[in-house]
Amino acid sequence: MGLLDAILGRSKPVRPDLDQLFAVPSAALTLQAATGFTPTGRGSVCFAGVEGGGFARLQEDVRELVDADTERGGIPVEFSRDAYGYTWLLATHPADDTAGLVNDLHAVNTMLQDGGFGPHLLCSLIGFRDAEGRALALVYLYKRGTFYPFAPLPGDAEKRDNQLELQVRGALGDDLRVEKDLSRWFPVWGAPGL
């Protein structure tokens, strides 16, 4: 960053640090102790779809990599598109295998980034539930290198449990790099893995 940038208040964008995902398994223990939310074993990666043969081949490579354990009982990944045209890859593991889930999500993000599609990555999320059945996701913002909690209220209305999200932020502040700018805590309504 140069002097002119400093004077004009510009800052360099935060570089994504995919290794931040590896902090999620220990953060999950903290989350369970503080709030009672436990991992569901489901997580997803969201990216803007790209047309073309190169991207289609990379998508197949991602499928092959993550589905490598299906012969040993693993669950195949699922691809879907949301109402906004974004592509979601859903990975499922046993609920007690958060580390395996995070490894798969990290591998998918890394393959897309190394394949030149990093600018198309939007977020990754890991799903949680509590004893009452309430949903919670820890969302990793690829372009910010930070996490935030997303807690939709039960029911059809698109409303969030802001109090729970702030409680989770407080509980995980020492475990994860939590996004400070609350305006970047984007809703991910109906996201696979939630």
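Note that the numbering runs from 1 along the sequence shown for the chain.
Nearest heavy atom pair, residue Phe150 against residue Leu194, reads CE2-CD2, 3.7 Å. The minimum heavy-atom distance linking Thr146 with Val178 is given by the pair CB-C, 4.2 Å. When every heavy atom of Leu172 is checked against every heavy atom of Ala27, the shortest pair comes out as CD2-O, 3.4 Å. The shortest non-hydrogen separation linking Ala135 to Pro152 is O-CD, 3.7 Å. The minimum heavy-atom distance linking Ala171 with Thr30 is given by the pair O-CG2, 3.5 Å. Heavy-atom minimum distance, Val45 versus Ser124: CG2-OG, 3.6 Å.
Here Cys46 contributes atom SG and His120 contributes atom NE2; the two are 12.5 Å apart, rounded to the nearest 0.5 Å. Separation of atoms CD (Glu179) and CZ (Arg169) is listed at 10.5 Å; rounding is to 0.5 Å. Atom CD in Gln20 sits 6.5 Å away from atom CZ in Phe147 (nearest 0.5 Å). Taken to the nearest 0.5 Å, the CG atom of Asp97 stands 11.5 Å off from the OG1 atom of Thr92. In this structure, Asp104 CG and His93 NE2 are separated by 3.5 Å, a value rounded to the nearest 0.5 Å. Taking CZ of Arg129 as the start and OG1 of Thr40 as the end, the distance is 7.0 Å to the nearest 0.5 Å.
Using a 4.5 Å cut-off on side-chain heavy atoms (C-beta onward), His106 and Asn103 make no contact. The closest side-chain heavy-atom distance from Asn109 to Leu121 is below 4.5 Å. Residues Val24 and Thr98 form a side-chain contact, since some pair of their non-hydrogen atoms from C-beta on lies under 4.5 Å apart. The shortest side-chain heavy-atom distance between Trp189 and Arg160 falls under the 4.5 Å cut-off. Using a 4.5 Å cut-off on side-chain heavy atoms (C-beta onward), Leu125 and Trp88 make contact. Counting heavy atoms from C-beta on, the side chains of Leu101 and Pro39 never come closer than 4.5 Å. Residues Phe37 and Leu164 form a side-chain contact, since some pair of their non-hydrogen atoms from C-beta on lies under 4.5 Å apart. Using a 4.5 Å heavy-atom cutoff, the side chains of Leu122 and Lys143 are in contact.
Taking hydrophobic clusters as Ile, Leu, Val, Met, Phe, Trp and Tyr residues chained together by side-chain heavy-atom distances below 4.5 Å, Met111 does not share a cluster with Leu90. Using a 4.5 Å cut-off between side-chain heavy atoms of Ile, Leu, Val, Met, Phe, Trp and Tyr, with links allowed through other members, Leu105 and Leu29 fall into different hydrophobic clusters. In the hydrophobic cluster analysis, where Ile, Leu, Val, Met, Phe, Trp and Tyr join through side-chain heavy atoms closer than 4.5 angstrom, Val188 is grouped together with Leu182.
Using a distance-only test at 3.5 Å, with no hydrogens or angles considered, a donor-acceptor pair links the side chain of Glu165 to the main chain of Ala151.
Below 30°, between 30° and 60°, or above 60°: for Phe79 and Phe47 the angle between ring planes is above 60°, a perpendicular geometry.
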Derivation of the side-chain contact (heavy atoms from CB on, under 4.5 Å) call for Phe186 and Val139: CA-CA 9 Å; Phe186 304 110; Val139 181; over 6 Å; no

Chi angles and distances behind the side-chain contact (heavy atoms from CB on, under 4.5 Å) call for Leu138, Val168: CA-CA 9 Å; Leu138 291 180; Val168 169; 4.2 Å; yes

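Within 6.0 Å of atom CG in Asp174, 12 or fewer heavy atoms from other residues, nucleotides or ligands are found, so the atom counts as exposed in its surroundings.
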